[in-house]
Amino acid sequence: MQPKKLLRLFKALQKKGLDTTYQNGAYRVALANRADGPVAEVLLPPDFPVEVKALKQLAQLAEVHHPNGGKVTALCATPDFHPGDAGVAIGSVVQTKDMVIPAAVGSDINCGMRLHTTELNLDRFLAGKDRLVALLRGDYLLGSRDVTQTAASMQALFSEGLIGWTSAMRDNPSGMATRCDFHQLECELDRVFANGSMAGDPRWAPPALLPDAGLVRDDGLGTIGGGNHFVEFQVVEELLDTRAAYRAGIKQGQVAFMIHSGSRHVGKFIGKHWRMRAEAAWPKGLPYPTSRLFPLSQADNPDLVAAYLEAEATAANYAFLNRMLLAEIMRQRMRQVFGEVAAPLVYDLPHNITLPRGDGWITRKGACPAESGQWVIIPGSMGTASYLLEGLGSERFHASASHGAGRARSRFAMSRGGADKSEAALGLTGVTCITLREERRIEEAPNAYKPIQPIIKTQQAAGMVRPVAKLRPILTFKA
DNA sequence: ATGTGC
């Protein structure tokens, strides 16, 4: 969208009675029609496209409140902001007091990023690339991974996350876990957000994953998933903050790998269950919110709020293990091809999660936590650079940052008949992407996404993040 | 996001 058109949109919002001003690179919108209503900061690079639908969804989110107590106290939108399917835009950060909104996270609970460096340089990597691809193609795309485990270790995972799972698995490993280096995994727990271990409970997990006896064959763990999720080899192209890079253990010219995935069907199950629960818990006799975004109120039912957060944590724990196992598959195959190559974890973080902050909660949907000193990982599309950054804890943006470039064109727009599907038009020139289905390459092509550079620059200028390293893609796997 | 739907 051109700036003029964007301006017209904000003028239209003003006409609706919304107080709208432009201050220091962000549109500041007072979104609720009341004096104490929340203000939304919408950070956009100059001349940047944004969909009206996404802004309408943000305005809708601002209006969520519970008649028995609970309201939205502030919102912001990151520059990769785009419309979401479930009525909540991707790139929404919402601060709530005395309530939580299950729909604000949605189904992709603890979708997030994981970054590893490796000891390999580009030449050594390229020499083994074909063998590695042959092995990984089977692991990632054909379903041959083996993460069979006991119901007890699944329970430990759901209730205690990675700490629970590693201690349950290390003395009696099964499946691919027999080849895991548990000492390494435990040493790396402090490089996972919240140690990858949140307070969950197996009672919220899909029952099929928790049989009374015998082994669990779960077909979700160690899988990439669809959409923008990927596993990718990259090379560290440029260090933008050498001191921070040293702390992260990342060196120029190194081959690295990055993982973007979430809680798969577990998050879908838990997310859907709790959107329905929140609807059922809405006070009888009162009109439904037209947005159908139902909050859970602390004053109305504190146990239900606690149970929801526990359920979200249960799915989050599963996502942490999913990304850890995707990385383990990578390490195990790299050992097969290159011998004993170290591939240490830099960081693993969620960008789809509810967390306590101040005297309320922050729900980020497609936005990274970026508290002061926290690592932030922002992926580009499969043809463009990804970044490691450091959070600066900007209060104006609720210590948050974007989670990617943001979609510019829908999957349908990319794949429909008549669309130019040449490599040049897709922006795929020089990109090696391994997919099971050709349509994924088209739907997820670089030109389906907005440019990453202005998104990073704008957030840097706004004082949200400091870039540490730029990573260029070499080889992408997409399911 | 989801072995799904435009």
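A note on names: the letters A, B, ... follow the listed sequences, proteins ahead of strands, and every chain is numbered from 1. As the structure is a prediction and not an experimental result, all values here were calculated from the model.
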Please state how far atom [atom1] in [X] lies from atom [atom2] in [N], giving the value in whole angstrom units.
{"X": "A:I442", "N": "B:dG5", "atom1": "CD1", "atom2": "C1'", "answer": "16 Å"}
{"X": "A:Y140", "N": "B:dG3", "atom1": "OH", "atom2": "P", "answer": "17 Å"}
{"X": "A:K478", "N": "B:dG3", "atom1": "NZ", "atom2": "P", "answer": "14 Å"}
{"X": "A:R323", "N": "B:dA1", "atom1": "CZ", "atom2": "P", "answer": "13 Å"}
{"X": "A:R440", "N": "B:dG5", "atom1": "CZ", "atom2": "P", "answer": "14 Å"}
{"X": "A:I90", "N": "B:dT2", "atom1": "CD1", "atom2": "P", "answer": "12 Å"}
{"X": "A:D218", "N": "B:dG3", "atom1": "CG", "atom2": "P", "answer": "12 Å"}
{"X": "A:R411", "N": "B:dT2", "atom1": "CZ", "atom2": "C1'", "answer": "9 Å"}

Answer with base, sugar-phosphate or nothing: what part of the nucleic acid does [X] contact at a heavy-atom distance below 4.0 Å?
{"X": "A:G267", "result": "nothing"}
{"X": "A:G227", "result": "sugar-phosphate"}
{"X": "A:G226", "result": "sugar-phosphate"}
{"X": "A:H265", "result": "nothing"}
{"X": "A:D85", "result": "base"}

Taking the minimum atom-to-atom distance to the side chain of A:R264, which one of B:dA1, B:dG5, B:dT2 wins?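 The answer is B:dT2.
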Please assess A:Y288 against A:F294 for the test ring pair (Phe, Tyr, Trp, His ring centres under 6.0 Å), listing each intermediate value before the final yes or no. CA-CA 8 Å; A:Y288 275 14; A:F294 295 95; 5.0 Å; yes
Assuming nearest nucleotide by heavy-atom distance, tell me which of A:R437 and A:F412 is located more 5' along DNA chain B.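 Looking at DNA chain B, the more 5' nearest nucleotide goes with A:R437.
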Decide side-chain contact (heavy atoms from CB on, under 4.5 Å) for A:M99 and A:I101; before the verdict, give the C-alpha distance in whole Å, the side-chain angles of both, and the deciding distance to 0.1 Å. CA-CA 7 Å; A:M99 71 171 193; A:I101 313 167; 4.0 Å; yes
Just one of A:R407, A:M414, A:E439 clears the side chain to side chain contact (heavy atoms under 4.5 Å, CB included) bar with A:E444, so which one?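 The option that passes is A:R407.
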Does a side-chain heavy-atom distance below 4.5 Å link A:Y308 with A:V100?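 The answer is yes, as the side chains (C-beta and beyond) meet within the 4.5 Å cut-off.
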Distance-minimising heavy-atom pair for A:L61 and A:S92: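 In terms of heavy atoms, the two residues are closest at CD2-CB, 4.0 Å.
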